[in-house]
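Have a look at the structure below, then the notes.
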Amino acid sequence: MSQGPELIITEKDNAARRIADILSGGSAEADRQNGVNVYKWGGKRCIGLSGHVVGVDFPPEYNDWRDVEPVELIEAPIDKHPTQENIVSTLRLLARKAGRVVIATDYDREGELIGKEAYELVREVNEAVPVDRVRFSSITENEVTDAFANPDELDFDLAAAGEARQIVDLVWGAALTRFLSLSARQLGDDFISVGRVQGPTLKLIVDREREIEAFDPEAYWELFADLEKHDGDAEGSFEAQYFYLDDDGNEAERVWDEDAAETAFEALAASSSATVDAVRRRTRTDDPPAPFNTTQFIRAAGSLGYSAQRAMSIAEDLYTAGYLTYPRTDNTVYPDDLDPRELLDSFTGTRTFGDDAQSLLDQESIEPTAGDEETTDHPPIHPTGELPSRADLTEDEWEVYELVVRRFFATVAEPATWEHLRVVAIVADDRSLKANGKRLLEPGYHAVYPYSNASESFVPDVVEGEELAVTDTSFEAKETQPPRRYGQSRLIETMEEMGIGTKATRHDVIQKLYDRGYIESDPPRPTRLARAVVEASEEFADRIVSEEMTAQLEADMQAISRGESSLAEVTEESREILESVFEGLMESGDEVGEHLQKSLKADKTVGECPDCGGDLVIRKSRQGSYFIGCDSYPDCEHTLPLPSTGKPLLLEETCEEHGLHHIKMLAGRKTFVHGCPLCKAEAADEQEDEVIGPCPDCHEEHGGELAIKRLRSGSRLVGCTRYPDCDYSLPLPRRGDIEVTDETCEDHDLPEVRITYEDGDEPWDLGCPICNYREYQAEQSESGTDLESVSGIGAKTAEKLKDAGVEDVDSLKSAEPDSLAEQVDGVGPDTVRKWQTEAD
DNA sequence: GCAAGGTC
């Protein structure tokens, strides 16, 4: 038997901590080495990796995009190198001394590969140590003890399947990305990327846009009548819709012929009564939803207004804090060792969930629902039973936490039952009207899960042959609508159906499309560049925008994992296909480049320059702010300013007077439409400044006065008439008409201001501009410097940061990332940097 | 400066 401690390696720190806790019976202690947690007890050590700690890439001599022909990457060697130095060195240190190694990474293909990477790192420093592999589906006492009592071996074929994927993805992605970027001369941060997953995802969005554009609306008419029981009971009134039987004998509501619609309407309008012809009553059960996997969680959070990225970020925080299970999962079947009663029991007695938990426990039986997908790596997302108090979480975190708790409740609740009532009535001898009513008989899971639609529609009790009064009729002209754009969660669902991306990456892929300038706005809309990339790919490298590539790769990986094929065979064949793709691509490189360049320019062209007839384009100043400038600069110096907040997006709509595209400024919740930039500038030039009182900074000395000013960028402010000698200014809202009232603020000798809105919104009495701005600043300093205002920082993390001496956003911004990461558990320097850029 | 997949 070998000497030395046993070393257990898991995929992540969280798993290491929990496994150590289970195996040690709670006696394990964390020791921080190199900034990495090592859990120790008896003769054992347990370390968590951070997913892949080594990465695949081409050797450094292939780094220069100009020097290396993209096609050369196809046959270039590929290296593996550590990407997480701290973890790798700590692992080596422990492995050297280990008497036995147990790989306990996640029980899936990528976990097997991560395990193999750990195995190779171990072997580098310790040739002889025995290495075992354990597999478990959830980190519970039973599963973990069982797995460690029955160790197995690493599955090298399965790991090789994962490695083949890495190689194929790198070679195709890097070679094609470099080719497109070089051909369009986009080499900085704005390179043009394609890949096996982002390609088909982008094509999905572009294809939908093509359908929308090609859509030819068709006119149709719908007719309605209000019917009322004759007893005069107001509640007996309901709306019914006209229908007829079409050529196939199916019920149809849409009338496609205007004359036919008018004839039918005249018949309805001339009738004062209708006779009930048929009444049908049915009871329907409505089953509770399946447990949450990542996709369904994102969808549900999406209907609460969270973006996919934000929903996942919150779920990850709640997981790290111990309140939720692992949020990246495909599984929709609870594991056997989840005891729903025990979990429900942990919520009894709590203010928010106590009554609902108790009512569920009082059910005769508890049978959780199950979805179609059962996997071996992680359970569906559910609450852990460790409960946060409301004060531990931000409002968003609490809302998401409650969603997950209530979803769990729903999965163990009873079905709902509905009564459907359908009434058909006849008017004018042979015209049919129908109404469908819906009443909730037993709320079932709806009682604990308010997110699903449980709205009723009322149709009164009527009997066959009953006479109803026709009290009103209506005639609505409508048009068929183009298909809707994909929303983020619908996109993620479709990716899942197509088998592209994974539970852990799909939302990141969408974010990547935004970052690359391929999509904008929400729901995402493709840019001209995105269309050009998809068009070029369709013509020369169809596989990279087709879901088939993933399907083929999945089949190849299956074959490798079963020993029926090999990594070398699969990657060689893939390289050959790519070679032939490049043959076509290289012949037409210039053409492709031109098309991409034109599209890039179209994405930022606002319209024709009024001075020289050239193109006005959106530009970015050295200070990072956006403005509009003439493409013929320096020959033409025409410029137009843009608002200082947000990123400009060209709208399809153009200005009737100037022909320029309207502009929308994207700034998260503060997004607004700026409109025609030339109209905005001209309006500012025409508007006289309106003096309202003395300037508090310079009136006494220089006689400066405050005036309401309109800037060419469209923003409005109260500023000093001596500008730029005096730069005193107060902001005014962007929206609404500014009205100066007769009321005066005695403190500042200024009139009170009122904002009125044309769209009928309640006017806003802003008051004295100075008082208003002071109040605004006070609010900002209360909420704005709060750490939790930075996305990605939850209540728990904020607390840890405060422990490390970082009290507010300002001190976060000035912190040194590496040393701060050292002090805060579970936070790396990159995360700190991300927060810092976000806080700016 | 490439991808996609883990993870924070």
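Reminder, nothing fancy here: chain letters follow the sequence lines and each chain counts from 1.
A heavy-atom distance below 4.5 Å is not found between the side chains of V545(A) and L202(A).
Nucleic acid contact class of V56(A) (heavy atoms, under 4.0 Å, all strands): base. Within 4.0 Å (heavy atoms only), G111(A) reaches no atom of the nucleic acid at all. At a threshold of 4.0 angstrom between heavy atoms, the contacts of R516(A) are confined to the sugar-phosphate backbone, with no base atom among them.
The neighbour count for D64(A) CG, taken as heavy atoms of other residues, nucleotides or ligands under 6.0 Å away, is above 12. Counting non-hydrogen atoms of other residues, nucleotides and ligands closer than 6.0 Å to CD of E573(A) gives a total of 12 or fewer.
Rounded to a whole Å, the CG atom of D64(A) is 10 Å from the C1' atom of dG1(B). Look at CG on D377(A): it is 13 Å from C1' on dG5(B), rounded to the nearest Å. Protein atom CH2 of W172(A) is 13 Å distant from nucleotide atom C1' of dA3(B), rounded to whole Å. The distance from atom CE of M312(A) to atom P of dG6(B) is 11 Å, rounded to the nearest whole Å. Whole-Å rounding puts the Q198(A) CD to dA4(B) P distance at 4 Å. Taking atom CD of residue E547(A) and atom C1' of nucleotide dA4(B), one finds them 18 Å apart after rounding to whole Å. When the P atom of dG5(B) is taken as reference, atom CZ of R109(A) falls 9 Å away, rounded to whole Å. Atoms CD1 (I167(A)) and C1' (dC2(B)) sit 16 Å apart, rounded to a whole Å.
Note on R66(A): every side-chain N or O is 4.0 Å or more away from OP1 and OP2 of dC2(B). For dT7(B), the OP1/OP2 oxygens have no side-chain nitrogen or oxygen of Q84(A) closer than 4.0 Å. Regarding contacts with the backbone of dG5(B), a side-chain N or O of T505(A) is found under 4.0 angstrom from either OP1 or OP2. Regarding contacts with the backbone of dA3(B), a side-chain N or O of S193(A) is found under 4.0 angstrom from either OP1 or OP2. Applying the 4.0 Å criterion to OP1 and OP2 of dA4(B), one finds that T502(A) has every side-chain N and O outside that range. Phosphate contact (OP1/OP2 of dA4(B), side-chain N/O of K512(A), threshold under 4.0 Å): present. For the pair R196(A) and dG5(B), the criterion of a side-chain N or O lying under 4.0 Å from OP1 or OP2 is met.
Contact annotation: side chain of S50(A) to base of dC8(B), donor-acceptor pair present below 3.5 Å.
Cation-pi check for K12(A) over Y326(A) is met; the charged atom lies under 6.0 angstrom from the ring centroid and within 45 degrees of its normal.
Where D57(A) and G51(A) meet DNA chain B, the nucleotide closest to each residue was compared, and D57(A) sits on the side nearer the 5' end. Comparing Y326(A) and Q166(A) against DNA chain B, the residue whose closest nucleotide sits nearer the 5' end is Q166(A).
Checking dG6(B), dC2(B), dC8(B) against every side-chain atom of F191(A), the shortest atom distance belongs to dC2(B). Comparing dC8(B), dG5(B), dT7(B) by their nearest atom to the side chain of H52(A) picks out dG5(B). Relative to the side chain of R328(A), the nucleotides dC2(B), dA4(B), dC8(B) differ in distance, and dC8(B) lies closest. Picking from dC2(B), dA4(B), dT7(B) the nucleotide with the shortest atom distance to the side chain of D169(A) gives dA4(B). Among the nucleotides dG5(B), dC2(B), dC8(B), the one closest to any side-chain atom of R165(A) is dG5(B). The side chain of V197(A) lies closest to dG5(B) when the candidates are dG5(B), dG1(B), dG6(B).
No side-chain donor-acceptor contact under 3.5 Å links S599(A) to the backbone of L529(A).
Ring centroids of F540(A) and F582(A) are separated by 6.0 Å or more, keeping the two rings apart.
Contacts between residues 131-138 of chain A and DNA chain B, counted as heavy-atom distances below 4.0 Å, involve no residue at all.
The shortest non-hydrogen separation linking N34(A) to N86(A) is O-ND2, 3.2 Å.
Looking at K503(A) and D108(A), a side-chain N of the basic residue comes within less than 4.0 Å of a carboxylate O on the acidic one, giving a salt bridge.
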Run the side-chain contact (heavy atoms from CB on, under 4.5 Å) test on E569(A) and S566(A) for me, step by step, so that the C-alpha distance in whole Å, both residues' side-chain angles and the decisive distance to 0.1 Å come before the verdict. CA-CA 5 Å; E569(A) 270 177 77; S566(A) 70; 3.5 Å; yes
